[in-house]
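No experiment lies behind these values; they were computed from the predicted model shown. Within every chain, numbering begins at 1; the chains are lettered A, B, ... in the order of the sequence lines, protein sequences first and strands thereafter.
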Amino acid sequence: MQPLLELKGLTKYFPVTGGFIFKRQVGNVHAVDGVDLKVGEGETVGLVGESGCGKSTLGRLAARLYEPTFGKVLYRGQDISTASRRELKPIRPEIQMIFQDPYSSLNPRQTVGAIISGPMEINGINPPGGHEKRVRELLETVGLNPEHYNRFPHEFSGGQRQRIGIARALALNPKLIIADEPVSALDVSIQAQVINLLQELQRDLGIAFLFIAHDLAVVRHFSQRVAVMYLGKVVEVGDRESIYLRPRHPYTHALLSAVPEATVEDEPRQRIRLAGDVPSPINPPTGCRFRTRCWKAQERCAEEAPPLIQLAGNREGHLTACHFPEAPTTSGEDVVLDPALA
Amino acid sequence: MTIPSETTAEPATVTASADSGGAPVGRSPGQLMWRRFRRDPTGMASAVIVLFFILVAIGAPLISMLYGKDPYTQYGQERPDLLNEFGYPLGANGGISSEFWFGIEPGLGRDVFMQLVYGIRTSLLIALVATIATTLIGIVIGIVAGYVGGRTDYFIGRVIDVLLSFPSTLFIIAFMPVLENLMVKPDEETPVWLRAASLIIFLTVFGWAALARLLRGNVLSLREREFVEAAKVTGASPARIVFKELLPNLWTPILIQSTLLLPALVTSEAALSFLGVGMIEPTPDWGRMFLRGTEVYTDDITYLMFPGIALLIFVIAFNLLGDSVRDAFDPKIRR
Ligand SMILES: Nc1ncnc2c1ncn2[C@@H]1O[C@H](COP(=O)(O)OP(=O)(O)O)[C@@H](O)[C@H]1O
Ligand code: SF4
Ligand SMILES: [Mg+2]
């Protein structure tokens, strides 16, 4: 079956300029580098990685806010990677986004009503009963008081603002929502409420989600499939069970060991402390990009980039990019790379 | 990470009232600004003074009618009891009397009160037209530079650099006679409209750069806000993004800048007239009254006092008003 969204070799370089008076390009930020990913109709895919690894860039490429440097974005098989604003017009309503920062994602000079009805205005959608009625319905759907139609964003809390952003994304009845860390700016107590709301909406409306998060805990209950990203590349992708219970990539192991509720079983969980920082995406390491922090790295890792393939013993669709994968379990020896962290 | 917008600093009580239901109609940032402004006594007082000057300028013909005099008639020449043989007022304090409220101009013998009222009218009108033109050009160029970016932005940025470092007053003083030579035949008089138009054009050409640079910076930071991306994702056109998403967030700096620009242009206009490249006789002008005042102040200090004090009050009041407007818009920088 044709996936709803398909990313093929998707790459985005941001030019780095330098020089005094005369600016010239001195390099590239390899924000996203050759990513392949599919999202099926009604499917929920989690995208996880440390901050700065290119998740937001990937989300914006998929929503065509950015034009890719190389590679393709296919929506229902149609290549939209270089489509103009006019060519995108019929597709725009189907792909919507929820943003990370509830403060900068709502225009402070517009009322809630104007914010949520804007998308309908732009696309010439006139719901029965008018825009205001539809906005009130949407406010109710996301758990806000419909009487707050005429209020301004500064009168709401962070969680409420995020709900307004969700209502805006729903206004066009999208088929795919790209949620870029929709809860990471919120209080922990409110995060669960917002995730539950998204999960309910997903179930009721059958919307496909690309859910971006910086740790595995947030997407655990939400995602049918999970992709793990490191420095612009997908290093492991698979169904939820494979990723949480039988991960193979050392980086996935490291991320899981940082998740408090990761082990369902009572077996003692492996603890991994990663040493050092994420290397600069301007000069990513040769070969495997994770090798500067990997405890299993060998010479081959520096010479040859590991392809994203299905390893022996892995389930269908569970792909890993590693020359020397870990055992498919979440328990094992503790790994402490930096003695200072022990 | 994105920095939370300025509105996060809003009082927590407002947020609390949103939670508890309350009135269904919210207060816009503009309404909040107006409430803060009304509570600022300095701001309100200076607004009243500024308004007074504006009413004087608008109502000059009415004042002239009620007062029974005009700024052109040379009363001192017509009536021998007003000026002495050297052309100075006979009466004390520059000839102030119940008939000539602010006294009589030395030499020509015109009424000072009427000259000042009409002088304010001339200067304010020129400054107002120049302010509006400057603001419009500044808005358009600033938004284009910030939103389009790239080469356009680079080019506009260099033009702004040049204009801001240009010795504009010197240029105007040097260029005005040249312009007049080109436009007016030697045997003709310089028409008033030519002086007015060239003043407005000069002030505008050298004035827009500061506002454009400020707005460019604002647009650059607004452009990165996620609400602009949200609009793009829903298919908004660039025009809609500029007019519906960006412009409403730019009214604050625009309003603050133009309330500070207007008094600056009034003084510029007065200064240029004082230097002899502004409005010419017989059109009454605030700055030229100064010029005449400095010529006669050793014998008749009163003539310099009225335009001087009026201009001082006007500029101070307008600048205080500008400060209050800024404070009301941005409560965080309040000292
Ligand atoms: N518009 C941009 N211009 C230049 N560099 C950018 C831009 N957006 C992101 N980057 C860089 O690309 C890398 C990936 O950023 P991002 O996609 O925001 O990561 P994440 O969302 O995973 O934190 C970072 O190094 C960031 O500095
Ligand atoms: S390829 Fe080598 S460096 Fe990369 S994750 Fe696997 S073992 Fe580590
Ligand atoms: Mg991000």
message: Using a 3.5 Å distance criterion without hydrogens, assess whether the side chain of A:Asn123 forms a donor-acceptor pair with backbone atoms of B:Thr234.
response: yes
task: May I ask you to decide if B:Arg225's main-chain N or O and A:Ser104's side chain share a donor-acceptor pair within less than 3.5 Å?
output: no
query: Taking atom CZ of B:Arg151 as the centre, does the number of heavy atoms from other residues, nucleotides or ligands within less than 6.0 Å exceed 12?
result: no
query: Has B:Phe171 got more than 12 heavy atoms of other residues, nucleotides or ligands less than 6.0 Å from its CZ?
result: yes
With the side chain counted from C-beta on, respond yes when [X] and [Y] share a heavy-atom pair under 4.5 Å apart, and no when they do not.
| X | Y | value |
| --- | --- | --- |
| B:Lys232 | A:Arg64 | no |
| A:Ile95 | B:Val233 | no |
| A:Met97 | B:Glu229 | no |

task: Identify the heavy atoms of B:Phe227 and A:Pro108 that sit nearest to each other, and give their distance.
output: CE2-CD, 3.8 Å
- request: Search all heavy atoms of A:Ile122 against all heavy atoms of B:Ala236 and return the closest pair with its distance.
  value: CD1-CB, 3.6 Å
- prompt: If contact means a heavy atom pair closer than 4.5 Å, which residues of residues 110-120 of chain A contact chain B?
  reply: A:Gln110, A:Gly118, A:Pro119
task: For chain B, find its close neighbours in residues 80-89 of chain A: heavy-atom separation under 4.5 Å, sorted by number, or none.
output: A:Arg85
- line: The reported gap from NE2 in A:His154 to OG in B:Ser28 (rounded to nearest 0.5 angstrom) is 7.0 Å
message: Would you compute the distance between atom CD1 of B:Ile241 and atom CG of A:Asn107 and round it to the nearest 0.5 angstrom?
response: 11.0 Å
field: Verdict with reasoning, B:Glu226 to A:Leu106, per side-chain contact (heavy atoms from CB on, under 4.5 Å)
entry: CA-CA 7 Å; B:Glu226 286 172 345; A:Leu106 305 179; over 6 Å; no
- prompt: Would you call B:Glu245 and A:Arg109 a salt bridge, using N to O less than 4.0 angstrom?
  reply: no
